[in-house]
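Just so it is clear: chains get the letters A, B, ... in the order the sequence lines come, proteins before strands, and each one is counted from 1. Every heavy atom of this structure was used, including side-chain atoms; hydrogens, water molecules and symmetry mates were not.
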Number of protein chains: 2
Amino acid sequence: MPSTELNEIKANFIQGLSQISQFWGLPKSMGAIFAVLYLSPNALSLDEIVEETTFTKGAISTSVRTLARMGLVHRQTKLGDRKDYYFAEDDFYKVIRSILKGRENSEFSRAIDSVGATLENLQASPNQERGAEDWVFAENRVIEMKSFFDNLDNLVHVIAALETMNQNTVQKVIRLLKK
Amino acid sequence: MPSTELNEIKANFIQGLSQISQFWGLPKSMGAIFAVLYLSPNALSLDEIVEETTFTKGAISTSVRTLARMGLVHRQTKLGDRKDYYFAEDDFYKVIRSILKGRENSEFSRAIDSVGATLENLQASPNQERGAEDWVFAENRVIEMKSFFDNLDNLVHVIAALETMNQNTVQKVIRLLKK
DNA sequence: TACTATATTTAGTTATAACTAAACACACAA
DNA sequence: TTGTGTGTTTAGTTATAACTAAATATAGTA
């Protein structure tokens with residue numbers, strides 16, 4: 001039976017990660033689940049997670065799968081045991097890269113593509129209109145924005161493709177930027 | 001009277017930015033407002049923005065101020081004219097830095113601080129408990145997480161403090177990472 | 001001072017997404 | 001097969017946040 005005080009400290013931590021989760025527009029439950037797993041020395045089953053949080057099995061089931069898709073937790077199955085066990089990924093840099101990789105398929109990149117589509121629309125239009133002040137202005141603006149997104153996209157690809165990424169990687173970038 | 005086709009293209013663009021906005025957990029209206037201003041050669045009044053979007057004045061009023069706080073749009077007042085006019089910031093790198101700067105005061109950093117607080121709680125606890133397996137494990141985990149956050153925090157500060165940031169800055173980082 | 005054009009705030013509504021409780025599906029065991 | 005322990009899905013509920021319409025505040029003008 002664990003000490004009450006540790007449980008209190010854990011509860012604070014759980015709440016903290018829940019808020020962070022919420023800040024990023026994710027369900028609070030996801031932060032809570034990750035916090036529980038992150039502090040647990042051994043992998044936990046769905047029901048164990050339910051016990052440690054204020055959520056029901058259904059909510060945990062869906063949230064924990066989302067976490068797994070993002071690479072924040074991993075599923076583990078034990079031989080001769082029907083339960084699934086989950087544990088937290090503790091390499092956060094790996095998580096970042098995993099999320100950036102998944103970004104390709106996402107709703108986000110489809111939205112980004114729409115900027116490219118806008119540019120094509122503008123450029124494919126009949127010539128007589130093209131001279132108008134508004135058209136020229138809009139076209140230049142959209143070109144600028146696309147260039148920005150493309151640049152960021154490059155960066156994301158490079159990060160996602162890194163063999164390794166760690167504290168040191170960030171330090172190097174910081175040193176570069178400070179120059 | 002502008003051509004219908006330009007308006008159609010604009011409408012698509014507006015919808016695209018609305019989706020991006022939504023993806024980041026922000027109101028769709030913010031994306032729409034920014035899109036309208038971004039494509040407009042001249043600054044627009046509240047009422048003009050209302051005309052170009054599907055939202056009411058109240059909604060635009062609050063959203064446009066949020067955008068201004070984030071540095072994505074700017075307010076302009078003309079002498080002898082009571083209206084406020086808004087125009088889009090077109091230097092997206094400036095926007096990034098402006099957002100990172102604002103981050104300090106935010107709910108987010110308060111949540112991050114809670115990780116530090118958890119660590120202090122763990123370390124300030126009575127010694128007799130400290131040896132327990134769970135405590136040691138939790139303490140190490142929280143130390144790791146705090147170190148990760150501190151590292152990111154450094155990066156954010158450096159970026160926010162840059163005198164200039166542009167495509168070239170990103171290129172340099174990409175080159176560094178590719179090595 | 002009162003009037004007018006504007007922006008902001010507010011109270012109430014609507015839309016959305018998280019969550020619950022319970023039914024369901026599945027795999028394994030007897 | 002049936003029964004049992006598990007994870008998943010679903011229909012309905014609740015909580016939250018965006019939005020609307022209208023009232024209010026504000027700043028400039030006569």
Measure from CD1 on A:I60 to P on C:dA18 and round the result to the nearest Å. 14 Å
Just N and O in the side chain of B:T62: are any of them under 4.0 Å from OP1 or OP2 of D:dC19? no
When you match B:R82 and A:A59 each to their closest nucleotide on DNA chain C, which lands nearer the 5' end? B:R82
Whole Å only: how far is the CG atom of B:L26 from the C1' atom of D:dA18? 12 Å
With a 3.5 Å distance limit and no angle check, can you tell me whether A:R97 reaches the backbone of A:Y93 through a side-chain donor-acceptor pair? no
Heavy atoms under 4.0 Å, any strand shown: does A:T54 hit a base, just sugar-phosphate, or nothing? sugar-phosphate
Looking at A:K28, I want to see if its NZ is surrounded by more than 12 non-hydrogen atoms of other residues, nucleotides or ligands under 6.0 Å. no
Could you state the atom-to-atom distance from CG of A:L79 to C1' of C:dA27 in whole Å? 15 Å
Kindly point out which of C:dA7, D:dC19, D:dT6 is positioned nearest to the side chain of B:R75? C:dA7
Side chains of B:Y38 and A:E144: does their closest heavy-atom pair fall under 4.5 Å? yes
Let me know the distance between CD of B:Q19 and P of C:dT16, rounded to the nearest Å. 13 Å
Rounded to whole angstroms, how far apart are NZ on A:K83 and C1' on D:dT8? 17 Å
Sorted by position of nearest nucleotide on DNA chain D, 5' first, the leading residue of A:D81 and A:G58 is A:D81
Counting side-chain heavy atoms from CB outward, which of C:dT9, D:dG7, C:dA7 is closest to A:K57? D:dG7
Any side-chain donor paired with an acceptor under 3.5 Å for A:Q171 and B:N151? yes
Whole angstroms only, please: what is the NZ-C1' distance between B:K28 and D:dT20? 15 Å
Given C:dC19, C:dT20, D:dT8, identify the nucleotide with an atom nearest to the side chain of A:S29. C:dC19
If you check every side-chain atom of B:P27, which of C:dT6, D:dA18, D:dG7 has the closest atom? D:dA18
Are A:F13 and A:F34 an aromatic pair, judged by ring center distance below 6.0 Å? no
Using a cut-off of less than 4.0 Å, is there contact between a side-chain N or O of A:S61 and OP1 or OP2 of D:dT8? yes
Value in whole Å for how far the C1' atom of C:dA7 lies from OH of B:Y85: 13 Å
Expressed in angstrom and rounded to an integer, what is the separation of B:E51 atom CD from C:dT6 atom P? 12 Å
